[in-house]
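What follows is a single structure, written as structure tokens, with notes after it.
Just so it is clear: chains get the letters A, B, ... in the order the sequence lines come, proteins before strands, and each one is counted from 1.
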Amino acid sequence: MRVDQRLIAEMIAPRSRVLDVGSGDGTLIDYLYRTRACDARGIEIDMQNVTQSVAHGLPVMHGDADHDLADYPDGTFDYVVLQRTLQAVERPREVLKQMLRIGHHAIISFPNFGHWRLRLQLLTTGRMPMTPVWSTPWYSTPNIHPCTIRDFLVLCEEEGYVVQQWLAIDEDGARAPWRRSIRLANLFGEQAMFLLRRARP
Amino acid sequence: MDISVLPLAVNGPVHEHRTVRLEGGLNLECGVHLAPLEVAYCTYGTLSPTRDNAILVCHALTGDQYLAEQHPLTGKPGWWSRMVGPGLPIDTDRYFVVCSNVLGGCMGTTGPRSICAATGKAWDSAFPPITMHDIVAAQARLIDHLGIDRLFAVIGGSMGGMQALTWAADFPDRVFAAMPIATSPFHSAQNIAFNEVSRQAIFADPDWHDGHYRDFDAIPARGLGVARMMAHITYLSEEALSRKFGRRIRHDAATAVPASSSPSLFGEMFEVESYLRHQGSSFVRRFDANSYLTITRAMDYFDLAAEHDGDLANPFRKSQTRFCVVSFSSDWLFPTSQSRLLVRALNRAGANVSFVEIESDRGHDAFLLEEPDFDRTIRGFINGAAEHAALLAGEG
């Protein structure tokens with residue numbers, strides 16, 4: 001399991017109901033089911049991954065974040081997880097809204113477009129930056145909505161989401177040390193992870 | 001049971017099917033009380049002492065209970081013998097598998113060939129109209145009779161999938177896992193249209209005799225054969241037909257139309273024609289026209305949402321059943337879009353759903369054929385559900 005998936009798992013209380021949106025090969029939901037006794041389900045866009053997951057006995061359905069969250073009733077899950085996908089969905093704001101409608105909490109990880117290497121590349125070369133995290137050229141990237149950590153925080157504030165926990169992580173998914181300063185995290189964090197909940201009315 | 005010693009019946013029900021006779025009968029949705037009720041069935045594997053390992057497999061329109069053994073009439077292997085058996089995806093070393101002939105069928109379960117108690121004669125075309133709920137209610141009587149309280153799983157393809165859904169809707173507490181395959185929560189206008197063409201072909205046969213053909217020692221073989229030929233096309237795909245037959249011509253004189261009927265036009269025969277004729281003629285030897293009409297009508301009536309205030313989520317609210325919905329990419333009879341509709345409704349109900357579309361170019365019939373991804377899906381879903389069932393039992 002990737003290190004960042006382990007960090008996500010640590011945020012999730014045992015025996016919770018979890019929906020992993022973009023569950024990939026099902027590693028996280030398998031882990032949550034086996035070690036935390038969670039009712040963990042997945043939605044996955046890649047049919048090969050779906051078949052593999054179901055063949056492993058995991059409850060995974062073919063679908064995607066943009067179209068398939070709207071069906072679930074309010075509060076169906078304790079946690080709705082979106083790993084490294086927010087930047088690739090059609091309507092990130094709407095997806096977040098749905099996640100926090102159907103779940104009490106949302107856990108979101110995304111690659112940080114504010115990382116210094118990206119800023120420097122754009123500044124010095126004048127071309128779209130390419131890094132190990134942002135590794136596809138502009139014309140073929142699925143990442144149509146990149147954002148920085150600060151962008152994301154502004155959106156959370158606009159939408160009234162409470163940030164319960166956040167952390168910057170490096171390329172491998174390990175926790176990075178910029179825990180106190182958002183400014184530093186936004187400059188040095190290759191990826192970010194957030195635990196959100198709705199503001200109480 | 002040694003099938004080989006049984007007589008091969010071509011023109012009548014000589015074979016003794018394994019049958020349970022339930023004197024209490026069944027109240028049909030149409031109001032008719034059908035008594036006694038006979039249900040013919042086959043079982044495989046062993047029921048566990050706690051009776052918690054039973055899987056009910058529901059057959060499709062023209063299938064029957066001979067799931068994984070040689071068919072007594074055709075001599076062919078069971079229709080899902082590649083799926084059900086020791087070590088196979090539906091593993092009879094672990095599970096007790098039950099398959100029964102549907103109500104209205106012609107392989108031993110009460111249907112148009114049965115004797116009507118009131119008249120002392122066969123029902124024939126007077127057999128009352130039945131629904132998917134009636135079909136499932138009859139199966140439930142069999143499951144009661146076998147002493148099984150809760151089915152570990154109900155699995156079925158096509159019309160079998162309609163039954164699996166109906167089981168989950170009508171008996172939510174008796175179904176731990178349900179696998180509706182290549183099916184739909186309602187019969188579409190297109191599918192009703194195909195059924196209607198099939199039925200009109202039967203009605204147009206001079207041997208139909210208003211459904212009382214057996215009084216005339218006849219069977220509407222041409223009509224039923226055409227119905228089967230037409231239906232069979234809908235089970236395949238253009239790609240599958242092209243690959244299997246292309247435009248190849250059969251020069252075999254025996255199968256060609258006799259020379260008297262305009263040899264210039266029909267002197268030779270495309271392979272696909274010969275194949276369909278074979279499908280038609282072999283079908284009429286094992287299937288009854290009145291059963292075909294009765295069951296196709298039950299399919300046409302099927303619309304789960306309509307029965308629940310127009311919302312397909314309603315029958316599945318609070319359902320604890322684990323669902324695995326499977327469709328096939330080239331199935332145009334029960335297309336993926338209809339499975340997706342079902343999945344969305346199950347999500348609205350908050351049910352536990354897996355959903356896979358299997359990539360295949362073989363059309364609707366893919367669920368009966370060799371598809372490795374499909375096999376893995378069935379095996380994985382069943383094993384995953386079994387793991388959960390064991391956990392729940394441990395907690396209980």
Relative to chain B, which segment of [X] carries a heavy atom at a distance below 4.5 Å: side chain, backbone, both, or neither?
X	value
Val60(A)	backbone
Gln48(A)	side chain
Leu58(A)	backbone

Between Pro59(A) and Asn352(B), the two heavy atoms sitting closest are CB-OD1, 3.2 Å
Looking only at Thr51(A), Asp39(A), Ile43(A), most heavy-atom pairs under 4.5 Å shared with chain B are made by Thr51(A)
- Top contributor to chain B contacts, counting heavy-atom pairs under 4.5 Å, from Ile102(A), Val54(A), Thr76(A), Asp68(A):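 Greatest number of close heavy-atom pairs with chain B: Val54(A).
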ask   = Does any heavy atom of chain A fall under 4.5 Å from the side chain of Ala177(B), the backbone, both, or neither of them?
value =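 For Ala177(B), there is no contact with chain A at all, as no heavy atom is under 4.5 Å.
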Practice item. Using non-hydrogen atoms and a 4.5 Å limit, figure out which bit of Asn383(B) sits close to chain A: side chain, backbone, both or neither. Key: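 For Asn383(B), there is no contact with chain A at all, as no heavy atom is under 4.5 Å.
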First locate atom [atom1] of [X], then atom [atom2] of [Y], and finally report the distance between them rounded to the nearest 0.5 Å.
X	Y	atom1	atom2	answer
Arg41(A)	Asn347(B)	CZ	CG	8.0 Å
His62(A)	Ser327(B)	NE2	OG	9.5 Å
Glu44(A)	Phe355(B)	CD	CZ	13.5 Å
Gln52(A)	Asp373(B)	CD	CG	10.0 Å

Would you say [X] has more than 12 foreign heavy atoms packed within less than 6.0 Å of its [atom1]?
X	atom1	value
Glu159(A)	CD	yes
His104(A)	NE2	yes
Arg150(A)	CZ	no

Where along residues 305-326 of chain B does a heavy atom come under 4.5 Å of chain A, listed by residue number?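 If one takes a 4.5 Å heavy-atom cut-off, the residues of residues 305-326 of chain B near chain A are Arg322(B), Cys324(B).
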- Hey, which residues of residues 155-162 of chain B are touching chain A, say heavy atoms under 4.5 Å apart?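 Within residues 155-162 of chain B, near chain A: nothing under 4.5 Å.
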Hey, which of Arg344(B), Arg340(B), Arg379(B) has the most heavy atom pairs under 4.5 Å with chain A?
->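 So the answer, after comparing Arg344(B), Arg340(B), Arg379(B), is Arg344(B).
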Assert top hit (heavy-atom pairs under 4.5 Å, partner chain A, pool Val343(B), Leu346(B), Ile358(B), Val356(B)) equals Val356(B)
> Can you find a pair of side-chain heavy atoms, one from Glu357(B) and one from Met47(A), that are under 4.5 Å apart?
Replying inline: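 Glu357(B) vs Met47(A): side chains touch.
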